[in-house]
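Throughout, protein chains are lettered first and strands after them, A, B, ... in sequence-line order, and every chain is numbered starting at 1. Nothing here was measured: the structure is a model prediction, and the numbers come from that model.
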Amino acid sequence: MEAAAEPGNLAGVRHIILVLSGKGGVGKSTISTELALALRHAGKKVGILDVDLCGPSIPRMLGAQGRAVHQCDRGWAPVFLDREQSISLMSVGFLLEKPDEAVVWRGPKKNALIKQFVSDVAWGELDYLVVDTPPGTSDEHMATIEALRPYQPLGALVVTTPQAVSVGDVRRELTFCRKTGLRVMGIVENMSGFTCPHCTECTSVFSRGGGEELAQLAGVPFLGADMAPPPPLCPAGSVPLDPALMRTLEEGHDFIQEFPGSPAFAALTSIAQKILDATPACLP
Amino acid sequence: MEEVPHDCPGADSAQAGRGASCQGCPNQRLCASGAGATPDTAIEEIKEKMKTVKHKILVLSGKGGVGKSTFSAHLAHGLAEDENTQIALLDIDICGPSIPKIMGLEGEQVHQSGSGWSPVYVEDNLGVMSVGFLLSSPDDAVIWRGPKKNGMIKQFLRDVDWGEVDYLIVDTPPGTSDEHLSVVRYLATAHIDGAVIITTPQEVSLQDVRKEINFCRKVKLPIIGVVENMSGFICPKCKKESQIFPPTTGGAELMCQDLEVPLLGRVPLDPLIGKNCDKGQSFFIDAPDSPATLAYRSIIQKFCNLHQSKEENLISS
């Protein structure tokens, strides 16, 4: 296995977490962004790597659209999102001259860019690097895992919605994780229910039961709002639909800061806490 | 995995092995020798095969999870309600094949006959093909790189015995990559009628859908229209409407105006849609009076009208 082309670019990154699904549109980018913000609020230095080359959503979610990427002596400088430089982002979205321009690339070209993203971005010292992925089990995923393997990722968060149609795809992603030796840290069930703002009735808009089923199938924890230590078949843990969350992401604001009263806030901060608890202590 | 230069012109392009970006590529000699340049005979074979297929429609998005497969399935169900119309539904989402589940065909297998692979029939006039039928377990992951996925798509188009078909509906995965390039390439000489593009009202979807529209224009794929899915939610208890996915930048309507593409319609979120897809049933049967069913029917009607008038324009021009 080839060592990193640029020595040290990921050496300062303590923990790498991949956010995967298999199914599209379940909220990987949303969960990645919110996880990064929550970890930052817990005092951590966080980077986000957006390897969804066809649909790079994260720049907009963090209000960073249109930012330019610069070269420094160690490679590409990630885009810092705050003055304290506690949260940084690299996405192919920054490389597109026109935001409506489609990245119509076949596998080999995608693989080459992902390798560059992993080895040539000068992340510096980070506590966590959250890697957002596109749906599927193909070129981007294999390239990402191959490039990150020397740095021993902490594991993967696997995201689903409650629907059986989602579970059908995501269970294949669990097989992918097993085959590539990537530890599944837990299942996140997103879009679990919607509370009507008029009458507070909660409706299962996208069916129910998917997250629980997947956690049982895979024998992994079900992450989410429940703070109690989970038994192997934990029935808790889900992130509800919250239009306020969606609005803040569209507008590039910090949801964790703006909506601590939201039902999604509790679930998202709980997921972040579970990650913090599952992170092994580092030697100084 | 072989290293490929950032600006690889493509192994089968005229510049293969000769471009500036080819210098230093381990495959340079191979490409320059012309080994990669043999024309793909499959394109001719597919053109022949597609002679019995009157209309080919792609269902695209760019964004994942907006309801492409749900729409493809229900477009198929809707068109197949006319027993005299023969419908074929092809699922080219190789990594995440949802169509078998949505059509109630999970666990079905593909049979081969002398004339090719037989589609799996839901009704006498509605046949389906998906990589899902080739997998022996629901846990099997299809961990394939681009070239292998392209090979599968080629086989689906060349080797499936569709017979006489009025509409071939092709459900695609999210993105603008191998699968999309391949299906457009393989069907180029067989004439694709056009694409229906699905979005939700959110900007995060529209952002990707604009790219998809851009892709269609680049590869000269006509756009029949856009469907805005998950557009509003009616609470089953109080019947009041909310926006779960707020159209913060004007939704599909504004995008369609800006980009001059038709808006075929908007489908509201009905929890019964998800439940029926999970059960593999047509949502139209379970909820015939739902605003979502009415929206679908109106969209299908508009699709037929637009599509027919395009045909008439082509014939008269």
Query - Sorted by number, residues from residues 26-36 of chain A in contact with chain B (heavy atoms, under 4.5 Å) - result: none

Answer yes or no: is there a donor N or O on one side and an acceptor on the other, between the side chain of [X] and the main chain of [Y], under 3.5 Å?
{"X": "A/Glu250", "Y": "B/Glu203", "answer": "yes"}
{"X": "A/Asp139", "Y": "B/Gly146", "answer": "yes"}
{"X": "A/Thr175", "Y": "B/Asp140", "answer": "no"}
{"X": "A/Thr137", "Y": "B/Val142", "answer": "yes"}
{"X": "B/Asp278", "Y": "A/Ala164", "answer": "yes"}
{"X": "A/Ser207", "Y": "B/Gly274", "answer": "no"}

Where on [X] is there a heavy atom nearer than 4.5 Å to chain A: the side chain, the backbone, both, or neither?
{"X": "B/Pro174", "answer": "side chain"}
{"X": "B/Glu106", "answer": "neither"}
{"X": "B/Leu272", "answer": "neither"}
{"X": "B/Leu181", "answer": "both"}
{"X": "B/Ser137", "answer": "backbone"}
{"X": "B/Asp93", "answer": "neither"}
{"X": "B/Lys68", "answer": "neither"}
{"X": "B/Lys101", "answer": "side chain"}
{"X": "B/Ile244", "answer": "both"}
{"X": "B/Lys218", "answer": "side chain"}
{"X": "B/Pro97", "answer": "both"}

Requested in this report: Please identify each residue that fulfils salt bridge (charged side-chain N to carboxylate O under 4.0 Å, His left out) with B/Lys154, with sequence neighbours left out.
Outcome: B/Asp40

Query - Whether A/Phe206 and B/Phe245 hold their rings parallel, tilted or perpendicular, with breakpoints at 30° and 60° - result: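 It falls in the tilted class, 30° to 60°.
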
Requested in this report: Apply the test side chain to side chain contact (heavy atoms under 4.5 Å, CB included) to residues B/Ser98 and A/Asp169: give CA-CA distance (whole Å), side-chain angles for both, the deciding distance (0.1 Å), then the verdict.
Outcome: CA-CA 7 Å; B/Ser98 316; A/Asp169 282 352; 3.7 Å; yes

Query raised in the report: Which distance, rounded to the nearest 0.5 Å, do you find between the NZ of B/Lys63 and the SG of A/Cys54?
Result: 12.0 Å

pair [X]-[Y]: side-chain heavy atoms closer than 4.5 Å:
{"X": "A/Thr203", "Y": "B/Phe233", "result": "yes"}
{"X": "A/His198", "Y": "B/Ser242", "result": "yes"}
{"X": "B/Arg145", "Y": "A/Arg106", "result": "no"}
{"X": "B/Cys238", "Y": "A/Cys196", "result": "yes"}

Requested in this report: Go through the structure and list residues passing ring-ring contact (aromatic ring centres under 6.0 Å, His included) with B/His74, not counting sequence neighbours.
Outcome: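 B/His74 satisfies ring-ring contact (aromatic ring centres under 6.0 Å, His included) with B/His77, B/Phe284, B/Tyr296 only.
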
Query raised in the report: Quick one: ring-ring contact (aromatic ring centres under 6.0 Å, His included) partners of A/Phe94, sequence neighbours excluded?
Result: none

Query raised in the report: Picking from A/Arg178, A/Arg172, A/Arg171, what satisfies side-chain hydrogen bond (donor to acceptor under 3.5 Å, both in side chains) with B/Asp139?
Result: A/Arg171

Query raised in the report: Hey, is CD on B/Glu260 packed in by over 12 heavy atoms from elsewhere, all under 6.0 Å?
Result: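 Count not over threshold, so no.
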
